[in-house]
Amino acid sequence: MLTKKTALITGSTSGIGLGIATELAAQNANIILNGFGDQSIIDQTIKQLQELTNGKVIYCNANMLNVSEIEQMVTIAHQQFGNIDILVNNAGIQHVQSIEEFPVSKWDDIIAINLSSAFHTIRLCLPKMRQDGWGRIINVASVHGLVASVNKSAYVAAKHGLVGLTKEVALETATETITCNAICPGFTLTPLIQQQIDARIKQLGTEQAAIDLLLSEKQPSKTFATVNQLGQLAVFLCSNSAAQMTGISLPMDGGWTAQ
Ligand code: NAD
């Protein structure tokens with residue numbers, strides 16, 4: 001159980017971040033939810049998470065594009081809970097286009113949200129983790145932190161950067177009771193992937209045909225990973241059993257990176 005531990009999960013109003021928040025709440029952690037969305041749905045999510053944990057659930061709408069909002073979010077979390085014991089850098093966006101047509105503003109946003117925000121949260125959370133003598137940093141990278149696919153230049157660059165940052169932070173904290181690891185999901189059915197399915201529906205007619213094509217292109221299991229499976233992997237990385245795992249990037253990808 002993670003009773004009295006506090007977890008900040010960026011981008012957790014939806015998809016994988018919400019799956020991780022749900023599994024950490026089920027372990028009794030305090031939860032700081034972050035991300036965008038309809039306020040009534042966010043209120044409902046807070047209520048559902050609150051039913052899972054004896055800890056407290058709060059929400060912060062900080063935009064991971066904005067350094068001062070990230071700083072404010074960490075300050076608020078420290079004021080409310082004293083420390084952030086578990087930091088999950090999950091917020092991420094995608095854009096699919098060839099490199100010569102790739103909008104410069106999309107490149108900048110993807111690097112800022114998918115990579116630089118993790119640098120900022122880590123630099124802001126580490127001093128208190130060190131004071132407390134315990135910490136778990138989990139970066140949600142991707143198979144695209146390990147291998148590339150066409151038309152995803154910014155995403156592949158950011159996720160490879162995040163895998164590198166994971167190794168570097170693991171070395172800076174190696175002699176402390178702090179670990180830093182990356183999770184590398186393959187295709188997982190979330191709103192982010194739905195965009196790529198919708199683009200294929202236009203060519204193929206049906207949603208099932210689009211899903212089959214998407215999975216058969218890359219994921220040998222031909223099955224999506226689930227957000228709860230990824231959440232349970234995060235719980236394992238927070239456990240004492242994983243205390244000597246640091247600096248690694250763990251794929252959950254149905255065999256994608258085995259090819
Ligand atoms: P999603 O779109 O369902 O969720 C993204 C979350 O990030 C949402 O809560 C959204 O509100 C939040 N977010 C977006 N921009 C933000 C910003 N500027 N500031 C704060 N929050 C912001 O996507 P997902 O599929 O759950 O993706 C989560 C992470 O997993 C991403 O880093 C993504 O790259 C990674 N990932 C996803 C897959 C997949 O197949 N779904 C595969 C590999 C990696």
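In each ligand, atom 1 is the first atom listed, and ligand 1 is the first ligand listed. These numbers were taken from a predicted model, which means no experiment stands behind them.
The existence of a salt bridge linking R123 and E71 is confirmed by a sub-4.0 Å separation between a basic side-chain nitrogen and an acidic carboxylate oxygen.
At least one donor-acceptor pair under 3.5 Å links the side chain of N63 to the backbone N or O of L65.
E168 meets the salt bridge (Lys or Arg N to Asp or Glu O under 4.0 Å) test with no other residue; sequence neighbours excluded. Under the rule for a ring pair (Phe, Tyr, Trp, His ring centres under 6.0 Å), the partners of F102 that lie at least two apart in sequence or sit in another chain are H95. Under the salt bridge (Lys or Arg N to Asp or Glu O under 4.0 Å) criterion, E176 pairs with R130, not counting sequence neighbours.
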Please tabulate protein-ligand N/O pairs under 3.5 Å for ligand 1, atom names and distances to 0.1 Å.
from     : atom 1 : to   : atom 2 : distance (Å)
ligand 1 : 3 (O)  : S14  : OG     : 2.6
ligand 1 : 9 (O)  : G11  : O      : 3.3
ligand 1 : 9 (O)  : T13  : N      : 3.3
ligand 1 : 9 (O)  : T13  : OG1    : 2.7
ligand 1 : 9 (O)  : S14  : N      : 3.4
ligand 1 : 11 (O) : T13  : OG1    : 3.3
ligand 1 : 11 (O) : F36  : N      : 2.8
ligand 1 : 18 (N) : N63  : OD1    : 2.8
ligand 1 : 19 (N) : M64  : N      : 2.8
ligand 1 : 25 (O) : T190 : OG1    : 2.4
ligand 1 : 26 (O) : I16  : N      : 2.8
ligand 1 : 32 (O) : N90  : O      : 2.7
ligand 1 : 32 (O) : K159 : NZ     : 2.9
ligand 1 : 34 (O) : Y155 : OH     : 2.5
ligand 1 : 34 (O) : K159 : NZ     : 3.0
ligand 1 : 36 (N) : Y155 : OH     : 3.4
ligand 1 : 40 (O) : G186 : O      : 3.3
ligand 1 : 40 (O) : T188 : N      : 2.8
ligand 1 : 40 (O) : T188 : O      : 3.2
ligand 1 : 41 (N) : T188 : O      : 3.0
ligand 1 : 41 (N) : T190 : OG1    : 3.1

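By the 4.5 Å heavy-atom criterion applied to side chains, I122 and L165 are counted as neighbours.
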